[in-house]
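These notes concern the structure reproduced below.
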Amino acid sequence: MITKPLIHSASIGVVYHGKEYIGHYGELEEGKKNIPNNETIYEIGSLSKTLTGILTVKAVQDKKLHIDDDVQKYLAESYPNLKFKNRPVKIKDLLSHTSGIPGMLPPEANTILQNFTDHDTPAKLNTLYRNYNKKDFLTDLHQVRIDTISGYKYSYSSAGTQLMAAILEKVYKTDFEKLLTDYLSENMGAEHTKITLSNQELKRLASGYHSDNPVITSPMPILPWGASGNIKSTLPDMVKYIRFLLQKNEIIQESFRPLVKFDPEFSIGYFWNIITDKKLGTYYLHHGGVPRSQCYIYIIPKYELGIFIITNQSGNNTASVMEEALNEIFDKIIQSNPKS
């Protein structure tokens, strides 16, 4: 993988039949020979959404909310715009990307991201979000127009995940990041997965490259709540997360429960993509991407397998390069389990 154009480094964590494997390859900065390691902190992008989903399951089990609730129930201001005809946007619509809320707020972010590979895209995002806070988000939410009945049409929405985080803060009366870090510490022993980094932790944050720009790119700007794409983590913590997800307890079963089935092969759970095919059975995955890193997480119960892979480069072909590497691993595992 790291011999491919533009890819400088890769880190991977695997849990297979209970055994852990972690590997770090390449160099974070071309020519520096600085191999990533277990102390390296990575931006995991939209994998953040799956953690937001886990916290939502906890809220359901704590009877703080129900996924069939109208989101308006948890908003301090009135949002008559968050419905189509008489069908309101519900919690489960946020979780399944069927709410009709746009991909990003403010709306200008969607325009910027249409030209994701342009060299000035990271700078434009940083400028847009420099002083953009939770209050600004909730103000912009008044301008959203829902143009179809929620709950049916798939339309990926980071803004919907941000709104879910706002609701979690409301029902727990606690800051979203504290909800996150407390849960990870108590349930996974993951102490290095968070949104806000200290000055010392910032020194361990992986540098990264955007598109084909040879110059190191600035980190992803902090979005309100950070729930949709601002969580950072280390490889050992992601392996702990994989171990957690391979359990068969009520939290995991609910997280992976299909909320909307789009076709026989594709459903959505609590922000999880659920895929069913002949090769891997039913499995759960999510892609994460920011302007200077991309990653995948796969949970494949049929083979007692979980994989997290990340590279500090982000362009149009990065995901497919990672998929090629993963498919080699999947094929080897399938060949070694001929009776499955």
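No hydrogens, no waters, no symmetry mates; every other heavy atom, side chains included, goes into these values. This chain uses plain numbering: 1 for the first residue, then up along the sequence.
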Glu201 and Arg204 ion-paired at < 4.0 Å: no
Salt bridge flag under 4.0 Å for residues Lys83 and Asp93: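 No, this pair does not count.
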Qualifying side-chain hydrogen bond (donor to acceptor under 3.5 Å, both in side chains) pairs with a residue from residues 163-172, counting only residues at least two apart or across chains: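 Listed by first then second residue: Asp62-Tyr172, Lys134-Glu169, Glu169-Trp225.
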Side-chain heavy atoms of Tyr284 within contact of Pro301, under 4.5 Å: yes
Side-chain heavy-atom pair Leu305, Phe330 within 4.5 angstrom cut-off: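 A side-chain contact under 4.5 Å exists here.
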Just how far is it from atom [atom1] of [X] to atom [atom2] of [Y], taken to the nearest 0.5 Å?
X	Y	atom1	atom2	result
His66	Asp70	NE2	CG	14.0 Å
Ile12	Ile22	CD1	CD1	10.5 Å
Leu128	Glu108	CG	CD	5.5 Å
Leu82	Ser99	CG	OG	8.5 Å
Ser255	Ile274	OG	CD1	10.0 Å
Lys49	Leu94	NZ	CG	12.5 Å

Look only at the side chain of [X] and the backbone of [Y], and say whether a donor-acceptor pair between them is shorter than 3.5 Å.
X	Y	value
Thr174	Leu179	no
Gln294	Gly315	yes
Thr234	Thr40	no
Thr52	Ser48	yes
Tyr79	Leu138	yes
Glu324	Met1	no

Which atoms form the tightest heavy-atom contact between [X] and [Y], and what is the distance?
X	Y	value
Ser293	Ser314	N-CB, 3.7 Å
Asp140	Pro106	OD2-CB, 3.4 Å
His286	Ser46	CE1-O, 3.4 Å
Ser336	Tyr16	OG-OH, 3.7 Å
Ser228	Ser158	CB-O, 3.5 Å
Pro36	His24	O-CB, 3.0 Å

Derivation of the salt bridge (charged side-chain N to carboxylate O under 4.0 Å, His left out) call for Lys33 and Glu27: CA-CA 5 Å; Lys33 297 184 178 178; Glu27 48 192 6; over 6 Å; no
Heavy atoms of other groups near [X] [atom1], more than 12 under 6.0 Å:
X	atom1	answer
Lys178	NZ	no
Ile35	CD1	no
Glu323	CD	yes
Tyr152	OH	no
Asp69	CG	yes

Asn126 and Ser218: CA distance, side-chain angles, deciding distance, side chain to side chain contact (heavy atoms under 4.5 Å, CB included) verdict: CA-CA 9 Å; Asn126 274 297; Ser218 57; 3.0 Å; yes
For Phe271, ring-ring contact (aromatic ring centres under 6.0 Å, His included) partners two or more places apart: His97
Step-by-step side chain to side chain contact (heavy atoms under 4.5 Å, CB included) determination, Asn81 to Leu141: CA-CA 9 Å; Asn81 56 312; Leu141 191 62; 5.5 Å; no
Stepwise side chain to side chain contact (heavy atoms under 4.5 Å, CB included) check, Leu47 with Leu51: CA-CA 7 Å; Leu47 261 62; Leu51 288 160; over 6 Å; no
Pair Leu235-Ile310, side chain to side chain contact (heavy atoms under 4.5 Å, CB included): steps then yes or no: CA-CA 9 Å; Leu235 253 292; Ile310 190 162; 4.2 Å; yes
I'd like to know if [Y] and [X] are part of one continuous hydrophobic network [Ile/Leu/Val/Met/Phe/Trp/Tyr, side-chain heavy atoms within less than 4.5 Å].
X	Y	result
Ile216	Tyr42	no
Val57	Ile252	yes
Phe84	Leu163	yes
Ile309	Ile275	yes
Ile7	Tyr209	no

Side chain to side chain contact (heavy atoms under 4.5 Å, CB included), paired with Gln313, selected from Thr318, Thr217, Asn213: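 Between Gln313 and the candidates, side chain to side chain contact (heavy atoms under 4.5 Å, CB included) is satisfied uniquely by Thr318.
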Residues in side chain to side chain donor-acceptor pair (under 3.5 Å) contact with Gln335, at least two apart in sequence or another chain: none
Derivation and outcome, side chain to side chain donor-acceptor pair (under 3.5 Å), residues Asn273 and His287: CA-CA 9 Å; Asn273 298 306; His287 172 264; over 6 Å; no
Pair Tyr283 and Tyr298, ring centroids less than 6.0 Å apart: yes
Ring centers of Phe116, His210 separated by less than 6.0 Å: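 Distance test on ring centres: under 6.0 Å, yes.
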Kindly list each side-chain donor-acceptor pair under 3.5 angstrom involving residues 236-247, sequence neighbours excluded, with atom names and distances?
from   : atom 1 : to     : atom 2 : distance (Å)
Asp237 : OD2    : Glu191 : N      : 3.4
Asp237 : OD2    : His192 : N      : 2.7
Asp237 : OD2    : Thr193 : N      : 3.1
Asp237 : OD2    : Thr193 : OG1    : 2.8
Lys240 : NZ     : Gly189 : O      : 2.9
Tyr241 : OH     : Thr50  : OG1    : 2.9
Arg243 : NE     : Glu20  : OE2    : 2.6
Arg243 : NH1    : Gly18  : O      : 3.4
Arg243 : NH2    : Gly18  : O      : 2.5
Arg243 : NH2    : Glu20  : OE2    : 3.4
Gln247 : OE1    : Asn249 : ND2    : 3.3
Gln247 : NE2    : Phe244 : O      : 3.3

Name every donor-acceptor pair, under 3.5 Å, that has one atom in a side chain of residues 259-268 and the other anywhere in the protein, sequence neighbours excluded.
from   : atom 1 : to     : atom 2 : distance (Å)
Asp263 : OD1    : Glu265 : N      : 2.8
Asp263 : OD1    : Phe266 : N      : 2.8

Which residues share a side chain to side chain contact (heavy atoms under 4.5 Å, CB included) with Leu205, sequence neighbours left out: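 Counting only residues at least two positions away or on another chain, Leu205 forms a side chain to side chain contact (heavy atoms under 4.5 Å, CB included) with Ile41, Glu43, Leu197, Leu202, Pro219, Lys232, Arg292.
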